[in-house]
Amino acid sequence: MQPTPNSPDARDEAGRRRPDIRGPVDASVVPRFAGIATFARLPRLDEVAHADIAIVGVPFDSGVSYRPGARFGPAHVREASRLLRPYNPAQNVFPFGAQQVADAGDLVANPFDIAEAVRQIEEGALALGEQADRLVVIGGDHTIALPLLRAVHRTHGPVAVLHFDAHLDTWDTYFSAPVTHGTPFRRASEEGLIDLTASVHVGIRGPLYAKSDLDDDERLGFSIVTSEFIEEHGLPAAIERVRARIGDAPLYISIDIDVLDPSHAPGTGTPEAGGLTSRELLRILRALADLRIVGADIVEVAPAYDHAQVTAVAASHVAYELISAMAPRD
Ligand SMILES: N=C(N)NCCCC(=O)O
Ligand SMILES: [Zn+2]
Ligand SMILES: [Zn+2]
């Protein structure tokens, strides 16, 4: 097989060449639609000595309460990420040139046993920590945030969680099951994984089970920037509230793609009307570049309900913006 040429544009934010960094396949040499789909056509993790960021898929959706299919999310997002380009003008950064980013493939998670899957995901994330400083994880349903937070906690202690979602995901149980995609942040809070003074949901909207859901959520350590707040007060005010809440705490970002309006992300399992546009979400992420981001996930992309890759394109750009925000600056 031919070796795949790397991008000639592996550069840092000052425009300097970085020959030590292996970037994506050069789309001016090999057409974008050719070749195996790693995220953004980046090298595999086993092709580089060490990565600053590893992208890893978790094809697990046995924790869903409604439409299944997010197990196919990682492959779908990788496929849509072929079109990403090396320079991000919105953050003035070469996200794949200023740091080594590589695709670690998918973690194995037992689809028939949630407890075992959750153990496998935590262990898999910890093992990858030997080869990569930070992970950007593509799900999978939101259940996976619990083992990912357990892994992050081992290194960083309690972290601020910035959670983008239509849903609180601090509910207690479904059909008596404690570990589902509607419960990861309640379990994480109970286990002491999150900083109760610095965590925040963004984009919450839609019907709840009871008024007390909101009291429980506050007690579990979250403040809320609703979708309606963003409409009413605008993005600068929302960004200000988020940044004030997080401060300088180590930060884990969890993005449920259903935070976007179904018109921007139809391919998801529990869609809710009245959500953010992809433009709004990308703008909020750009405002986080100077924060101490220790890891991130993008979850709940379910390709069976997607059309024209609308949801997967949004998710791949969300990942790109996160990777850009994590890039070192002078
Ligand atoms: N999409 C996530 N993560 N959670 C939705 C849970 C909604 C419910 O069944 O009440
Ligand atoms: Zn959700
Ligand atoms: Zn969620």
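In listed order, ligands and their atoms are each counted from 1. Along the sequence shown, residues carry numbers from 1. In this text, all values refer to a predicted model and were calculated from it rather than measured experimentally.
Counting heavy atoms of neighbouring residues, nucleotides and ligands inside a 6.0 Å radius, atom CD of E228 does not exceed 12 of them. At most 12 heavy atoms of other shown residues, nucleotides or ligands fall within 6.0 angstrom of atom CD in E231. Around atom CD of E191, more than 12 heavy atoms belonging to other residues, nucleotides or ligands sit under 6.0 Å away.
Residue contacts with ligand 1, taken as heavy atom pairs separated by less than 4.0 Å, involve D258 solely via side-chain atoms from C-beta onward. Heavy atoms of H181 found under 4.0 angstrom from ligand 1 belong to the backbone as well as the side chain. Contact annotation for Y209 and ligand 1: only side-chain heavy atoms (C-beta onward) come within less than 4.0 Å of the ligand. Contacts of D141 with ligand 1, taken as heavy-atom pairs under 4.0 Å, are absent altogether.
Every atom of ligand 1 is numbered from 1 in the order shown, and the set under 4.0 Å from a heavy atom of D256 is 1 (N), 2 (C), 3 (N). Heavy-atom contacts of S65 reach the following atoms of ligand 1: 6 (C), 7 (C), 8 (C), 9 (O) (cutoff under 4.0 Å). Each of the following atoms of ligand 1 lies closer than 4.0 Å to a heavy atom of H142: 3 (N).
Taking the N/O/S atoms of D258 in turn, the shortest distance to the Zn ion (ligand 2) belongs to OD2. The Zn ion (ligand 2) is closest to atom ND1 of H167 (considering only N, O or S atoms).
Inspection of the N88 and E321 side chains reveals an N or O donor paired with an N or O acceptor under 3.5 Å.
In summary, the aromatic rings of H233 and F229 are positioned with their centroids under 6.0 Å apart. Taking the six-membered ring for Trp, Y320 and F39 have ring centres at least 6.0 Å apart.
The residue among T270, D165, T143, V259 with a heavy atom at the shortest distance from atom 1 (N) of ligand 1 is T270.
The nearest heavy-atom contact from the protein to atom 4 (N) of ligand 1 is D169 OD1, 2.9 Å.
With the Zn ion (ligand 3) as the vertex, OD2 of D169 and ND1 of H142 span 90° to the nearest 10°. Between OD2 of D256 and OD1 of D165, the angle at the Zn ion (ligand 2) works out to 90°, rounded to 10 degrees.
Checked against H142 for a side-chain hydrogen bond (donor to acceptor under 3.5 Å, both in side chains), the options D169, T180, D61 give a single hit: D169.
Counting only heavy atoms from C-beta outward, the side chains of R154 and E122 approach each other to under 4.5 Å. Considering only heavy atoms from C-beta on, P266 comes within 4.5 Å of T311 through its side chain.
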